[in-house]
Amino acid sequence: MAERYSSFTPGGTGWLLQRITAAFLVVVLAFHFFQLHFVNHAADVTFAGTQARMENVGYFLTMVLFLIAGTFHGVNGVYNALVNQGLKGTQKKVVLAVLVIASVALIVQGIYVAMAMAGVEIV
Amino acid sequence: MSQSYNRGLIEDFGRWKEFSAGMWAWIFHKFTGWMLIGYLFTHIAVLSTAVGAASGDASLVASGDDIYTTTIQGLESLFIVRVLEVGLLAVAVFHILNGLRLLMVDLGVGLDAQDKSFYASLVLTAIITVASVPTFLDGVTL
Amino acid sequence: MYEHDVIVVGAGGAGLRAAVAADEAGADVALVSKLHPVRSHTGAAEGGINAALREGDDWELHAYDTMKGSDYLADAPAVETLTQDSPEDTITLEHWGMPFSREEDGRVSQRPFGGLSFPRTTYAGAETGHHLLHVMYEQVVKRGIQVYDEWYVMDLATTDEDDPNERECHGVVAYDVQSGNVEGFKANDGVILATGGPGQAFDHTTNAVSCTGDGHAMAYRAGAPLEDMEFIQFHPTSLPSTGVLISEGVRGEGGILYNNDGERFMFEHGYANNDGELASRDVVARAELTEVQEGRGVNDEYVHLDMRHLGEERILDRLENILHLAEDFEGVDGLIEPMPVKPGQHYAMGGIEVDENGQTCIDGLYAAGECACVSVHGGNRLGGNALPELIVFGKRAGRHAAGDDLGEPQIRTGYGDDVEDETDTELPVQPGSAGLDGSGGVAADGGMTADAEGILERQVESAREHVDYLMEKDTGVQHAEIRQKLQNAMTDYVNVFRTEEGVKKALKLIRECREEYQDVYVDDPSRTFNTDLQQTIETRNLIDVAETIALGALVRNEFRGAHWRQENQIRDDENWLKHTLISWEEGEPKIFYRPVILEGEDKTYEPKDRSY
Amino acid sequence: MSTQQQEPEQPESQETPKDPEMKGAESPVDEKEKETGEIDQTTADETELEGETVLIKVFRYDPEVADKQEPRFDEFHVPFEKGMTVLDAVMYARDHYDSSLTFRHSCRQAVCGSDAFFVNGKQRLGCKTQMADLEHPVRIEPLPHQEVVKDLVVDMDHFYDQMHTVEPYLQQDDLPTGDLEEQRQSRENREKIKMSTRCIWCGACMSSCNIAAGDNEYLGPAAINKAYRFAMDDREDEEVKEHRLRIIEQEHGVWRCQTQFSCTEVCPKDIPLTEHIQELKREAVKKNLKFW
Ligand SMILES: Cc1cc2nc3c(=O)[nH]c(=O)nc-3n(C[C@H](O)[C@H](O)[C@H](O)COP(=O)(O)OP(=O)(O)OC[C@H]3O[C@@H](n4cnc5c(N)ncnc54)[C@H](O)[C@@H]3O)c2cc1C
Ligand code: HEM
Ligand code: SF4
Ligand code: F3S
Ligand code: FES
């Protein structure tokens with residue numbers, strides 16, 4: 001019976017990171033929503049305004065972290081959900097690969113966008 | 001030997017009438033989680049127009065006619081987008097509140113009140129959503 | 001066919017302990033049980049395990065208490081073995097992880113119990129039996145002992161010499177409840193019966209539905225005598241609809257018994273003018289029954305146990321679990337209404353006659369636990385003495401069966417030169433199956449000397465035929481009807497109150513049951529998990545066992561321990577310092593007596609008045 | 001048994017399954033959904049029930065018997081008595097109407113764990129559930145998510161396997177010397193594991209858990225609780241505890257639990273299962289952090 005279980009211990013780290021990112025996200029997501037819908041109304045968003053915010057290094061870093069945390073949290077959540085539903089074997093590996101590629105793409109694209117917003121020269 | 005009698009998928013989900021608070025919380029949390037990650041991808045896609053704005057004509061940016069600004073403002077002028085935004089808010093607020101509930105559960109705090117805290121997240125979500133409707137629908141017409 | 005060195009039938013406390021001991025002694029053991037081990041009735045025991053562990057206590061005091069409690073019908077060598085081994089075997093349970101309640105210093109707790117001169121009842125909350133059962137099953141899992149669960153053992157495979165003392169047991173025949181397959185289990189070294197009590201012979205019992213005395217009946221029909229079967233302990237406060245036990249604690253705290261007229265009958269009708277509700281179990285049980293029989297029972301069935309006057313606070317503090325029991329099993333709120341209670345069959349002091357090593361007079365056949373009678377309880381079991389019996393004698397039986405040398409036993413078994421035949425009692429009807437089909441007896445080998453395998457094969461064949469017969473017959477009587485009639489007969493006439501006339505009536509009714517049973521059939525046509533079939537076979541066993549209880553109750557014309565007879569309401573030491581033994585010979589019960597052994601290792605237990 | 005002596009003159013009211021809808025339905029459960037509205041209308045009041053009969057609808061299935069191969073519900077009218085439990089009701093139906101009605105039961109007092117059924121949509125112990133507390137008619141089914149052997153009997157082997165996987169026995173080799181020397185355990189420590197030791201292996205929790213239903217290899221709440229019982233017992237050494245944590249933090253171990261709480265809700269012994277699982281998750285994380 002016991003041999004049915006693999007000996008390495010996945011999940012534990014993922015589980016913890018899911019909680020840590022969640023805790024971080026609560027704060028930032030609330031801030032983000034508040035900022036863009038209540039302080040600055042979404043309808044009034046302009047590139048100039050965005051640029052002004054992004055040029056602040058603190059804000060920039062926060063947003064990048066927000067992106068990474070959100071992506072990890074969301075993608076890891078989706079992955080866990082699928083695994084919990086009984087995904088295994090090659091299928092599982094394929095899904096993991098696709099998700100990792102998608103997240104990396106999302107993060108790269110996101111950072112690229114943020115840099116553009118901040119007015120950093122992109123080659 | 002015993003024969004397997006498969007009571008089917010409904011066994012898991014068809015019994016929704018018999019679900020308890022914890023199960024509903026689980027289902028809603030999943031649902032909202034998926035919505036949020038879906039939105040995150042879309043969001044970044046939309047924001048990507050900023051790249052166009054940044055590399056475009058600086059005067060357009062100054063006058064607020066750059067592609068980024070027009071895209072966003074164009075979207076924001078649609079009533080349906082505003083409604084979707086309210087939906088997104090609801091989803092996010094529930095996910096946050098229930099997420100907090102789950103974090104508490106993970107820390108072993110207030111387990112006895114887990115069903116109450118779920119109902120509380122629902123109610124709070126509803127209140128916050130309703131309260132923010134005016135802000136969200138401000139300045140848009142059908 | 002399956003083959004093992006030692007086959008243990010039954011996986012309650014006694015069976016599990018025997019299996020672990022045999023395994024430790026190096027034998028290849030298998031447990032065969034009609035229930036999964038953790039479902040066994042040992043799990044229901046609440047009180048605790050008596051063991052002399054502490055400073056100021058010793059096994060001799062425990063032995064003295066036990067002899068006195070038994071009303072001097074226990075055999076001293078057995079009692080001394082029990083009390084000497086119990087401490088070590090109880091600590092073994094602790095070493096295996098049993099979650100005993102603890103003292104401030106981290107040692108196991110002990111509490112006082114009725115009839116004990118020292119608080120030596122070792123306990124684990126109010127669920128000692130549950131923990132004992134589970135910790136022992138855990139050891140079985142740890143050792144990888146083979147368990148055949150949900151296999152119902154139907155019969156023993158013994159040789160058929162005329163003298164039971166010369167017979168040998170080579171295995172058992174069982175059927176797989178899930179599939180209905182009948183198979184043989186060959187035991188190279190021994191078969192240990194640990195099938196628990198026969199409580200279902202009574203209509204109202206604290207015992208489980210599975211306590212049907214199968215082991216008793218199998219051993220009996222194979223030729224091993226049943227000993228002291230008339231000694232049945234009745235508990236005065238069990239819930240009427242289910243038989244769930246309401247602990248003595250309620251009366252201890254000041255709970256009061258009322259009849260239908262609102263009278264506190266223990267005093268008002270003079271049953272126990274000093275102790276009232278706190279008189280000993282048998283006194284209270286008889287009082288309750290008298291009230292009901294004289295028309296003062298509630299709904300003609302039970303009496304009321306009232307604890308409302310104790311106040312909500314005190315009840316919640318000390319008797320909270322009682323509130324739950326009454327609510328869950330009887331739908332009664334003990335805070336606002338009195339709880340219905342009536343006497344319920346609780347424990348069988350008697351059983352298959354064995355010696356200190358657990359062996360019966362049949363070679364290779366052992367018995368342990370409630371189904372056995374080494375005779376440590378005699379006429380009355382003290383609370384907390386059954387669980388140590390399971391572990392002490394379960395262990396000994398397991399070791400002995402596996403070949404460990406435990407020394408010569410001092411207790412003799414089987415018919416021999418030290419017994420006295422029953423001569424004076426007239427029986428109202430012919431007991432036993434004489435004249436009726438005597439299925440399931442000793443495997444007749446038709447005069448040929450067969451080897452162990454042959455005997456087993458033949459027994460398997462006959463069991464298969466028996467099952468086929470029951471299944472194929474499609475009209476007749478159903479077992480439930482017969483069982484109900486039997487249970488009613490026992491509860492009406494062989495209850496706490498026994499009169500010669502009543503017991504004779506019971507014997508007649510039992511005879512009728514036996515005759516009706518000739519026409520029994522199984523309605524459920526399926527081989528899969530056929531509980532109808534299983535209960536039909538159990539009912540046969542119950543008839544045999546009930547008959548021995550009634551026979552014992554009829555011949556023993558005295559009042560000793562739990563056995564009360566109207567005609568002679570005193571303990572008659574002159575005539576009755578002896579065990580009743582009943583063995584099955586060619587379809588008929590044979591009754592004889594063997595003197596009690598009151599001489600211990602270095603002292604003799606002189607009968608004294610049993611007053612506390 | 002004793003509940004069943006009265007009212008023998010009860011007419012033979014066993015219903016042949018006449019629900020045409022039931023017959024041939026892919027799943028009776030599905031059909032039941034359509035019906036619930038009607039089923040749960042009448043709520044029983046104890047006094048109202050006195051002297052009446054109550055209706056139970058019992059799931060029937062037998063792989064061997066032709067007309068039971070298609071699962072169906074049978075209806076039985078059982079005379080009600082004060083204090084009657086669900087187990088009493090099915091026993092009455094079996095002993096008086098249909099002796100082939102099959103279910104496990106033994107102790108009748110919530111200690112053997114044989115008779116966990118799915119009663120009115122919830123996992124409950126038959127012997128511990130008062131008929132008067134239920135909505136009527138009462139629908140009784142075998143435990144969901146387990147193979148049905150026959151009628152209300154389900155295959156428990158998988159459950160037992162999971163229980164055995166967590167090495168459910170104390171592992172302590174350094175026993176105090178001297179036969180009568182016990183291992184010490186503080187009262188606090190015994191209190192800590194007390195609830196976890198109450199499990200009677202009824203399987204209700206496992207059956208109620210959606211995750212266990214979806215992932216057959218998930219250890220399940222009962223087995224994890226068993227692991228908790230030993231991992232938290234101070235009588236075991238640190239290394240053993242680590243070993244135990246390694247077992248429960250396997251892929252199909254604690255991380256599978258999504259804190260749905262239904263296990264905790266159905267447990268007849270009121271064991272705080274979710275709490276125990278969560279505590280083990282934290283313990284496992286703590287142990288892993290030590291190595292970083
Ligand atoms: C409510 C209650 C409270 C009690 N409290 C205490 C107490 O506090 N202290 C104390 O010392 N004693 C107490 N007792 C008594 C004690 O619990 C029992 O005497 C003891 O548990 C019996 O154990 P056992 O192993 O002999 O039988 P059981 O535990 O009954 O086990 C019998 C086993 O045999 C199996 N079996 C039976 N027939 C067959 C068959 N035909 N084929 C295969 N397998 C079969 C069953 O499956 C079961 O596994 C109490 C008893 C009751 C009823
Ligand atoms: C960008 C924002 C967020 C996204 C995209 C997101 C997405 C997700 C997703 C997809 C899951 C997996 C759900 C499942 O299928 O089981 C999840 C789980 C979770 N989310 Fe979020 N989430 C976000 C923000 C938050 C926030 C702000 C919190 C606040 C506490 C949070 C708390 C959690 C928790 C605790 C879980 C784990 C649930 C579990 O599996 O036990 N999330 N999230
Ligand atoms: S944890 Fe509770 S519900 Fe689960 S098997 Fe044990 S007693 Fe039953
Ligand atoms: S129901 Fe299942 S998901 Fe966890 S809390 Fe219980 S194990
Ligand atoms: S019959 Fe034993 S738990 Fe219900």
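We name chains A, B, ... by the order of the sequence lines, and we start the count at 1 in each one. Everything quoted here is computed from the prediction, not taken from an experiment.
Between atom CG of residue D/Leu143 and atom CG of residue D/Asp155 there is a gap of 11.5 Å, rounded to the nearest 0.5 Å. Between atom CD1 of residue D/Ile193 and atom OH of residue D/Tyr228 there is a gap of 9.0 Å, rounded to the nearest 0.5 Å. With values rounded to the nearest 0.5 angstrom, C/Cys211 atom SG is found 8.5 Å from C/Gln345 atom CD.
The pair C/Lys34-C/Glu150 does not count as a salt bridge, with every side-chain nitrogen at least 4.0 angstrom from each carboxylate oxygen. Checked for salt-bridge contact, D/Glu238 and D/Lys241 miss the test: no charged N lies under 4.0 Å from a carboxylate O. We find that D/Lys128 and C/Glu330 are not joined by a salt bridge, their nearest charged nitrogen and carboxylate oxygen being 4.0 Å or further apart. Taking 4.0 Å as the cut-off between side-chain N and carboxylate O, D/Glu64 and C/Arg527 do not count as a salt-bridged pair. Between D/Arg244 and D/Glu167 there is no salt bridge, since no side-chain nitrogen of the basic residue lies less than 4.0 Å from a carboxylate oxygen of the acidic one. Between C/Lys395 and C/Asp85 there is no salt bridge, since no side-chain N of the basic residue sits under 4.0 Å from a carboxylate O of the acidic one.
Looking at C/Tyr137, the atoms closer than 4.5 Å to chain D (heavy atoms on both sides) all sit in the side chain, from C-beta outward. When heavy atoms are compared at a cutoff of 4.5 Å, D/Arg229 approaches chain C solely by way of its side chain, counted from C-beta outward. Heavy atoms closer than 4.5 Å to chain C are found in the side chain of D/Lys226, but not in its backbone. Looking at C/His134, only its side chain comes within 4.5 Å of chain D, counting heavy atoms on both sides. For D/Met163, no part lies under 4.5 angstrom from a heavy atom of chain C. Within the 4.5 angstrom heavy-atom criterion, atoms from both the backbone and the side chain of C/Thr205 approach chain D. Both the backbone and the side chain of D/Gln183 come within contact range of chain C, with heavy atoms under 4.5 Å apart. Heavy-atom distances place both the backbone and the side chain of D/Ser114 under 4.5 Å from chain C. Residue contact with chain C, scored on non-hydrogen atoms closer than 4.5 Å, involves the side chain of D/Lys150 exclusively. Heavy-atom distances place both the backbone and the side chain of D/Ile200 under 4.5 Å from chain C. Both the backbone and the side chain of C/Glu94 have a heavy atom closer than 4.5 Å to some heavy atom of chain D. Only the backbone of C/Thr206 comes within contact range of chain D, judged by heavy atoms closer than 4.5 Å. Residue contact with chain D, scored on non-hydrogen atoms closer than 4.5 Å, involves the side chain of C/Asp149 exclusively. Heavy-atom distances place no part of C/Arg143 under 4.5 Å from chain D, backbone and side chain included. Both the backbone and the side chain of C/Ala208 come within less than 4.5 Å of a heavy atom in chain D.
Under the 30°/60° scheme for interplanar angles, the aromatic rings of C/Tyr302 and C/His304 are found to be tilted. Between D/Tyr160 and D/Trp201, the ring-plane angle classifies as tilted under the 30° and 60° cut-offs. Note on ring orientation: taking the six-membered ring where Trp is involved, the planes of D/Tyr97 and D/Phe76 are parallel (angle under 30°, cut-offs 30° and 60°).
Note on C/His41, C/Gln478, C/Glu327, C/Glu127: by heavy-atom pairs under 4.5 Å with chain D, the leading option is C/Glu127. With chain D as the partner, the residue from C/Leu53, C/Val177, C/Asn207 showing the most heavy-atom pairs under 4.5 Å is C/Asn207. For the options C/Leu133, C/Val141, C/Leu35, heavy-atom pairs under 4.5 Å to chain D are most numerous at C/Val141. Of the listed residues (C/Pro99, C/Pro340, C/Ala480), the greatest number of heavy-atom pairs within a distance under 4.5 Å of chain D belongs to C/Pro99. With respect to chain C, the highest number of heavy-atom pairs below 4.5 Å among D/Asp233, D/Asn189, D/Val153 belongs to D/Val153. For the options C/Met98, C/His324, C/His130, heavy-atom pairs under 4.5 Å to chain D are most numerous at C/His130. Considering only heavy-atom pairs separated by less than 4.5 Å from chain D, the leading option among C/Val522, C/Thr491, C/Asp524, C/Val38 is C/Asp524. Between chain C and the options D/Glu188, D/Arg190, D/Gln109, the largest number of non-hydrogen pairs under 4.5 Å is found for D/Arg190.
Ring centroids of C/His204 and C/Phe202 are separated by 6.0 Å or more, keeping the two rings apart.
With hydrogens and angles left out, the side-chain atoms of C/Asn488 and C/Gln484 include a donor and acceptor closer than 3.5 Å.
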